[in-house]
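Just the heavy atoms: all of them, side chains too, but no hydrogens, waters or symmetry mates, feed the values below. Proteins get letters first, then strands, A, B, ... in listed order; numbering begins at 1 in each.
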Amino acid sequence: MYSFRELTKAAKKETEGKEYRLAVLGNCATQFLAQTISGYAHLEGMNLKVHDADYNQIEAQLIDPGSETYGFDPDYILLYLAPDKLYEEFMELKADERSGFADSVMQRLSSFWDMISGRSKAEILQMGFSEIDDRAFGNFGNRVPVSFNYQLRKLNWLLEEAESKRAGIYPVDLLSIQISLGNERFYDPVLYYNAKVNIALDSWGYVARQVYEVTRALQGHVKKCVVLDLDNTLWGGVIGDDGLAGIEIGELGRGHVFTDLQLWLKQLKDRGILLAVCSKNNEDTAKEPFLKHEEMVLRLSDFAIFVANWEDKASNIRYIQQTLNIGMDSLVFIDDNPFERNLVRSMIPEICVPELPNDPAQYLSFLQGCNLFETASYSSEDADRTGMYQAEAKRRESEAAFASMDDYLISLDMEGYAAPFDELHYPRIAQLTQRSNQFNLRTVRYTEEDIARIASDDKYVTLYYMLKDKFGDHGLVSVVIMERTTDEEFFIDTWLMSCRVLKRGMEEFIINRLVEEAVYKGAKRIKAEYIPTPKNKMVEHIYDEMGFDCIGEGLYSLDIDKFNKLKTYIIEVRQNGQR
Amino acid sequence: MDRDEVMAKVTEIARDIFDDDELELDDETIAADVDGWDSLTHLSLMNEIENEFEIKFEMKEVQGLNNVGELVDVIMERIA
């Protein structure tokens, strides 16, 4: 971890790249928090400007639409109520008022959130609460509602419950830092009484990292796939040498270590992280434990792709990445062998390769400590992501059997569906705007709250698209947001699409439907824009291909009078009563 | 470690914190003599000294210091 000295020095530096803005508001002096976040971001290469509001100005700053905080035009507002300040408030209450403390603080937080939502587009980063256990009641305090620790724990729980019910609030789990560092390191009483700084200087880096990682996830940098070695990584021993009965999993030897690791990976898979195998083995040998070993937690169906051969791992990982069609920087490679790790790291610098400890007993706690799977969204569709990639592999196999691409596309029996944004799909739509990097024309990120606002604003025409075929349901694969700029003109603010459904007529289907919608709303012309990023080169010419006229660098226009419906084999399915 | 060595080490840390490779400290130096020595960098300096010498200052020591010489004296006592 960076030292306090490194962080505060780096806070003064400038960094290139897209600028993000974070405003920090607290019930205490937030100079240390602001400086260390700023320093951490610069050291990690993020151009983050941090604004530090004055001491204890939360209400005043949030209630006034003209305040410095809103004037700073932040992308994120971090709210921090320091537990030591809450403790002071708590001590001022009469004993019989103390049992309502958590509820009253929670109400205060909710009112802050309301103020921000009405006045700013900023995401709210809400710092959770570290604990102060004054032991005034000893262990018995756990059952005494007027003890501070009882109220603080209740407050953390109320906070999580409120966050789960409200879009646009992103937790920063301060308590997890206190737990992992321990009170001895987390607090520094001398510093506190000297300078009223409630967290030890050497611990601020961990707090800053937590905030930084939440902002990274909000910017769309998330891990999407874990590539796994097998021998001595997913089980103990070597399947080719030790055989089915000899590998350690379940009851045998160190088996529990690997069982727990597999359980954790299974949980990641169930929340939408893809699992892939990359093993130096004969394919049959490598698959045997998943098919025949009763104590194996993971099964072949849990993997989006299974690669076992004697090629070098860097080549295999490239193959996996291309097949899944996701960014290399969204892959994590887990292998017990330092040689393989180094090889992959040196051949593919973008990939994340955790430096596993030697003892497998420490794999799991180490990997969990890395916090690699930060996310800013979760939707029920995530659970089936693996199934979608498996269906894609089947499609590829069948593709080879057809003489022409048209024959193949016809054989897929594709059905498309388009509808304006509805509440049920807000989370998935917001998530796609945050996660899609490649097929994304302007890469504008939206939160659920933004999406809800856009959906109910007459100025916008919104469409989400679903696609299914005989191999399976792709689910919601594309999002379009058009903004009415004049009576007769729309501008395509957002067009993104999942790369899974590339080049099978979906692009054409989307444009046909979008034009139809624009005509219905009275448009004569549609303007569009391509904003290049390091990742979206694949759609550089998409508007040319779709029949738009290029009218400037990255700028396009389509006269609807001249538009000819584009060819596609996707049949549109409409719901009853729909236009 | 003798007193000169401690002074040299403190100077080295201070040069890094105050971003000044030519900074010279002596017994008489006070915070006001050094560019950038404010309340925040002071805490940072004390923290780095604690980590470097593996000591922990007491509150009275932190508050009672009048110049760099006294700081070095406290460090000398602690590492003795």
Side-chain angles (χ1 to χ4, degrees), chain A residues 1-15 24 26 28-40 42-43 50-56 80 82 84 181-208, chain B residues 6-25 29-68 70-79:
Chain A
M1 177 51 65
Y2 302 117
S3 69
F4 184 76
R5 162 171 63 161
E6 288 172 295
L7 290 166
T8 46
K9 279 180 75 175
K12 296 169 197 138
K13 299 249 155 52
E14 295 284 326
T15 302
V24 178
C28 54
T30 46
Q31 185 191 18
F32 285 57
L33 182 59
Q35 293 243 353
T36 51
I37 294 169
S38 170
Y40 196 96
H42 287 305
L43 288 167
V50 182
H51 174 75
D52 181 15
D54 285 342
Y55 179 86
N56 207 3
Y80 174 46
D84 54 296
L181 295 178
N183 265 348
E184 290 290 309
R185 284 177 67 193
F186 188 71
Y187 286 128
D188 179 348
V190 182
L191 178 72
Y192 179 70
Y193 289 110
N194 253 328
K196 285 278 166 184
V197 178
N198 61 343
I199 295 176
L201 292 190
D202 291 329
S203 298
W204 280 104
Y206 296 89
V207 181
Chain B
V6 170
M7 180 63 89
K9 198 84 216 169
V10 170
T11 305
E12 186 189 318
I13 296 169
R15 282 176 179 176
D16 184 67
I17 288 179
F18 303 118
D19 255 332
D20 178 358
D21 291 341
E22 276 143 36
L23 178 66
E24 289 294 344
L25 299 180
T29 309
I30 59 170
D33 299 336
V34 179
D35 238 12
W37 193 330
D38 56 24
S39 57
L40 185 115
T41 48
H42 178 71
L43 291 173
S44 191
L45 176 70
M46 300 301 275
N47 184 53
E48 288 295 331
I49 289 171
E50 286 182 334
N51 291 344
E52 176 65 36
F53 294 96
E54 294 176 347
I55 56 175
K56 180 83 192 148
F57 293 120
E58 289 179 13
M59 190 165 172
K60 208 163 63 180
E61 293 167 342
V62 184
Q63 292 188 336
L65 297 175
N66 290 312
N67 55 35
V68 171
E70 290 183 23
L71 172 64
V72 173
D73 289 340
V74 174
I75 298 170
M76 289 301 292
E77 263 172 53
R78 287 312 195 79
I79 61 173

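- Of the N and O atoms on the side chains of B:Thr41 and B:Asp38, at least one donor lies less than 3.5 Å from an acceptor on the other residue.
- For chain A, the nearby parts of B:Ile13 are the backbone and the side chain; heavy atoms of each come within less than 4.5 Å.
- For A:Lys12 and B:Asp19, the salt-bridge test fails: no basic side-chain N is under 4.0 Å from an acidic carboxylate O.
- Proximity to chain A (any heavy atom under 4.5 Å) is restricted, for B:Asn51, to the side chain, taken from C-beta onward.
- Between chain A and the residues B:Val62, B:Leu45, B:Leu40, the most heavy-atom pairs under 4.5 angstrom are made by B:Leu40.
- Under the 4.0 Å criterion applied to side-chain N and carboxylate O atoms, B:Lys9 and B:Glu12 are assigned as salt-bridge partners.
- Between A:Tyr40 and A:Tyr2, the ring centre distance stays below 6.0 Å.
- A:Gln31 touches chain B through its side chain: at least one heavy atom from C-beta onward sits under 4.5 Å away, while N, CA, C and O do not.
- Looking only at heavy-atom pairs under 4.5 Å with chain A, the residue among B:Glu48, B:His42, B:Met46 that has the most is B:Glu48.
- For B:Lys56 and A:Asp188, the salt-bridge test passes: some basic side-chain N is under 4.0 Å from an acidic carboxylate O.
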